[in-house]
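Have a look at the structure below, then the notes.
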Amino acid sequence: MKQDHSDLHTLAAAYALNALDPAERQAFGDHLPQCQACREEVAEFEATAARLADAAAQNPPPMMKQHVMAAVDGVRQLPPRVPGTTQPAGAGRALRRRAVPLALAASVVAAASFAGLAAWQNRQSEQFQERALQAERRLDDVSAVLAAPDARTAHGRAGNGALTTVVASERQNRAVFTAAGLPAPAAGMTYQLWLDHDGTMSPAGFIHRDGTVLLDGNTADAGAVGLTLEPAGGSPRPTTAPLLLMALPT
Amino acid sequence: MDTPPPAGRPRPPIPLVTAVTAAAAVTAAHAPAAGARPVNQPLPFGPGRTGRASHAGRSDLAEVMAEVAHGDKQAFSLLYDALAPLVFGIVIRVVRDRSQSEEVAQEVMIDLWRQAARYRSDAGSVTAWAATIAHRRAVDRVRSAQASADREQAQAAREHQTAFDEVSEQVETRLESEQVRRCMRGLTELQRQAVSLAYYRGLTYREVAEALRTPLPTIKTRMRDGLIRLRDCMGVTT
Ligand SMILES: [Zn+2]
């Protein structure tokens, strides 16, 4: 059913309250860029709705902050949207590099865990650029899992006190693992992650410090995530008692 | 397969739970159903709620936001403290199930970090921006649960009726802001119910019309008039 124009102007309130059906929401969203009056009205109604939200404020569990702060290490920030233009892919990339170099560098260290910020100085190195691109792809993967509509979250606490979070997307067949308060491993040891497939543990990568990593391997058919301390370089099978074995969220 | 559990129902316990997960499950199980909370019971953790983002220096938060947009995690920590109660509060109002609400609120906070550079101060306050994102996510969660196969029409209707019954007294008694309570009382019954069911329960205006057994055009008008009246009563400017 086609909305006529005068009808659309009256939808700002329902839009700001998220009360429109998907089709109407779409139609009104298409209308907004062309209608200054509706844009102003939406802004006022959203500010009004924010007062309603504020009136309902209550403190979240304190643990949530640790999880969020640890998780954002692995989440790349989106570039600013340039109003009125559609960005060509290349330009978006350049913009993003300029906008968040520090965050990106920090995230790369956390998420892709190759050593040495110094490497960032070496802009000529093709090998480095390749690794940086790989790291970026991993960050995109982490962000994609966290933003997945079917993302499910579970929290745990490892035997060494670290707070852990697993976010899994069944549709993407991937999961990310976040740790906060992870003690530094003893010299020569490293934290290794595992996926439990019916009692068989398969290596799922490493986490070297607080932050977020994408688990290696298919997670859709895995039952749980494990964490052990292993000799540096990792092991094909766990050689120490698990610090953590937590069910993948379903 | 990947359909989330229906809103409002705690997830089944996980066999391999760790201490924290178990504690969270207990909390969720013992949390009173929305509406069962005694009238005027103070919400936990008094301070923090009073550091209300919308009243405390909009320009301050906008400055913090600019730093967050450049990847500053300390600034994000400030932003978190300012906005997390509002985000969690509105999410749990709409989603109702506590553990799901924690998930959604967490996703929202991460999303604020992701989208920081897309915030534009000329389009509204940081608080309004965050509230919009949070409410949208909460509504998405509730509606995807509603769309899942195990949710029957009758059940939905029953919930609407419950929502309808609960909303009036809840809106009056469980809101923290005296101004919002006062302005809500300034609405007609139908205006108030239309706004409340849409915003605090995440119903579409079609669902509001069904729940209130009122024709759709009437609901459209009342929702709009109600919001206009609230806007004017609160002296909202952008
Ligand atoms: Zn218009």
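Keep in mind it's a predicted model, so treat the numbers as computed, not measured. Each chain gets a letter, A, B and so on, in the order the sequences are listed, and its residues count up from 1.
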(request) Taking the side chain as every heavy atom from C-beta outward, state whether B:M109 and A:H67 have any atom pair closer than 4.5 Å. (result) no
(message) What's the separation between atom CD in A:Q58 and atom CD1 in B:I90, rounded to the nearest 0.5 Å?
(response) 10.5 Å
(message) Is it the case that the side chain of A:K65 and the backbone of B:D81 share a donor-acceptor pair, with hydrogens and angles ignored and the cut-off at 3.5 Å?
(response) no
(message) Between B:K220 and A:L11, is there a side-chain heavy-atom distance shorter than 4.5 Å?
(response) yes
(request) Please test B:H135 against A:E46 for side chain to side chain contact (heavy atoms under 4.5 Å, CB included), starting from the C-alpha separation and ending with a verdict. (result) CA-CA 10 Å; B:H135 189 259; A:E46 284 182 347; over 6 Å; no
(message) At a 4.5 Å cut-off on heavy atoms, which part of B:Q106 comes close to chain A: side chain, backbone, both, or neither?
(response) both
(message) How close do B:P85 and A:N59 get, counting heavy atoms only, and between which atoms?
(response) CG-OD1, 3.3 Å
(message) Do A:P61 and B:R98 make a side-chain contact, defined as non-hydrogen atoms from C-beta onward lying under 4.5 Å apart?
(response) yes
(request) Please determine which of A:L20, A:N18, A:D21, A:L17 meets the side-chain contact (heavy atoms from CB on, under 4.5 Å) test together with B:T204. (result) A:D21
(request) Kindly write out the residues that satisfy side chain to side chain contact (heavy atoms under 4.5 Å, CB included) with B:C183, not counting sequence neighbours, or none if the list is empty. (result) B:Q179, B:L230, B:C233, B:M234
(request) Supply the atom-to-atom distance A:T153 OG1 to B:E107 CD, rounded to the nearest 0.5 angstrom. (result) 5.5 Å
(message) Using every non-hydrogen atom in the two residues, find where A:H9 and B:R224 come nearest and quote the distance to one decimal.
(response) O-NH1, 4.0 Å
(request) Find out whether B:W113 and A:V68 are in side-chain contact, i.e. whether some heavy atom of one side chain is under 4.5 Å from a heavy atom of the other. (result) no
(message) Can you confirm whether A:L52 sits close enough to B:M184 that some side-chain heavy atom of one is under 4.5 Å from a side-chain heavy atom of the other?
(response) yes
(message) Quick one: does any side-chain atom of A:R76 pair with a main-chain N or O of B:R114 as donor and acceptor, under 3.5 Å?
(response) no
(message) If you count heavy-atom pairs within less than 4.5 Å of chain B, which of A:A12, A:A43, A:A71 leads?
(response) A:A43
(request) Could you tell me which non-hydrogen atom of A:A19 sits nearest to which non-hydrogen atom of B:L203, and how far apart they are? (result) CB-O, 3.8 Å
(message) Just checking B:Q74: does its CD atom have more than 12 heavy atoms from other residues, nucleotides or ligands closer to it than 6.0 angstrom?
(response) no
(request) Just jot down the ring pair (Phe, Tyr, Trp, His ring centres under 6.0 Å) partners of A:F28, sequence neighbours excluded, or say none. (result) A:Y15, A:H31
(request) Name the member of B:A198, B:A116, B:S77 that forms the most heavy-atom pairs with chain A at distances under 4.5 Å. (result) B:S77
(request) Among A:A13, A:A220, A:A53, single out the residue with the greatest number of heavy-atom pairs under 4.5 Å to chain B. (result) A:A53
(message) Counting only non-hydrogen atoms closer than 4.5 Å, does B:I228 touch chain A with its backbone (N, CA, C, O), its side chain (CB onward), both, or neither?
(response) both
(message) For B:A117 versus A:P79, what's the shortest heavy-atom pair and its separation?
(response) CB-C, 4.1 Å
(request) Taking the side chain as every heavy atom from C-beta outward, state whether B:S177 and A:R51 have any pair of such atoms under 4.5 Å apart. (result) no
(message) Need one label for A:S169: side chain, backbone, both or neither, based on atoms under 4.5 Å from any heavy atom in chain B.
(response) neither
(request) Identify the heavy atoms of B:Y200 and A:A56 that sit nearest to each other, and give their distance. (result) CE2-CB, 4.0 Å
(request) Indicate the atoms forming the closest heavy-atom contact of B:A84 with A:P60, along with that distance. (result) CB-CG, 3.9 Å
(message) How long is the straight-line distance from OH of B:Y80 back to CD of A:Q66, given to the nearest 0.5 Å?
(response) 9.5 Å
(request) Could you check if a side-chain atom of A:Q77 sits within less than 4.5 angstrom of a side-chain atom of B:V68, using non-hydrogen atoms only? (result) yes
